[in-house]
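Accompanying notes for the structure given below.
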Amino acid sequence: NSSVALALYGFLIRNAKNKMAEPIIDQILLLDPSNWDALWARYEEAKAADKQSDMVAVAKQLQFYYPGVAKVGELNTSAR
């Protein structure tokens, strides 16, 4: 269940166990590539780590799946 996996991801992130958290988001997105919470968590993770190429890739996915959402439309899809 993606809700349980997202809760576990949140717990691991809050407890600085990022290496354990990343595969959970990967698995959620593998099962449900349009999962808003997982995509947004992945975007925030990339932003916090200043991984521009990852931010752009996830922003493009968000814009593909959620084209009408204002928050998504504001995301930058060009790498610096």
Side-chain angles (χ1 to χ4, degrees):
N1 180 321
S2 61
S3 297
V4 173
L6 282 166
L8 177 59
Y9 168 80
F11 171 79
L12 292 171
I13 288 296
R14 283 190 304 276
N15 291 293
K17 295 182 169 64
N18 293 352
K19 290 186 187 261
M20 294 174 65
E22 284 185 35
I24 293 170
I25 289 294
D26 290 339
Q27 188 171 25
I28 294 168
L29 290 171
L30 181 64
L31 296 172
D32 181 9
S34 67
N35 185 294
W36 169 265
D37 293 317
L39 284 169
W40 196 257
R42 174 56 56 97
Y43 181 81
E44 290 294 322
E45 183 180 290
K47 185 177 178 182
D50 198 30
K51 294 181 178 178
Q52 291 297 314
S53 61
D54 290 350
M55 286 173 58
V56 168
V58 177
K60 287 181 180 179
Q61 286 178 293
L62 283 162
Q63 289 176 345
F64 177 78
Y65 290 115
Y66 303 97
V69 177
K71 188 175 183 179
V72 171
E74 297 169 2
L75 299 177
N76 186 0
T77 56
S78 59
R80 283 194 247 165

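All heavy atoms count here, side chains included; hydrogens, waters and symmetry mates do not.
Listed by first and then second residue, the ring pair (Phe, Tyr, Trp, His ring centres under 6.0 Å) pairs that reach into residues 56-78 are W36-Y66, sequence neighbours excluded.
Of all the heavy atoms in A38 and N35, the pair that sits closest is N-OD1, 2.9 Å. In this structure, I24 and A5 approach most closely via the heavy-atom pair CG2-O, 3.3 Å. Contact detail for E22 and E45: the closest heavy-atom pair is CG-OE2, 3.4 Å.
One distance of note links CE of M55 with CG of N76; it measures 7.5 Å at 0.5 Å rounding. We find the CD1-CG distance between I25 and L39 to be 8.5 Å, quoted to the nearest 0.5 Å.
For the side chain to side chain donor-acceptor pair (under 3.5 Å) test, residues two or more places apart in sequence or in another chain that qualify with W40 are E44. A search for side-chain contact (heavy atoms from CB on, under 4.5 Å) contacts involving D26 returns R42, not counting sequence neighbours. Judged as a side chain to side chain donor-acceptor pair (under 3.5 Å), and not counting sequence neighbours, the contacts of D32 are S34.
In this model, a donor atom of one side chain and an acceptor atom of the other lie less than 3.5 Å apart for D50 and Q52.
Exactly one of L29, L31, D37, I28 qualifies for a side chain to side chain contact (heavy atoms under 4.5 Å, CB included) with S2. That residue is I28.
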Could you give the side-chain donor-acceptor pairs of residues 56-63 under 3.5 Å, partners two or more places apart or in another chain?
unit_1, atom_1, unit_2, atom_2, d
Q63, NE2, V72, O, 3.2
Q63, NE2, L75, O, 3.4

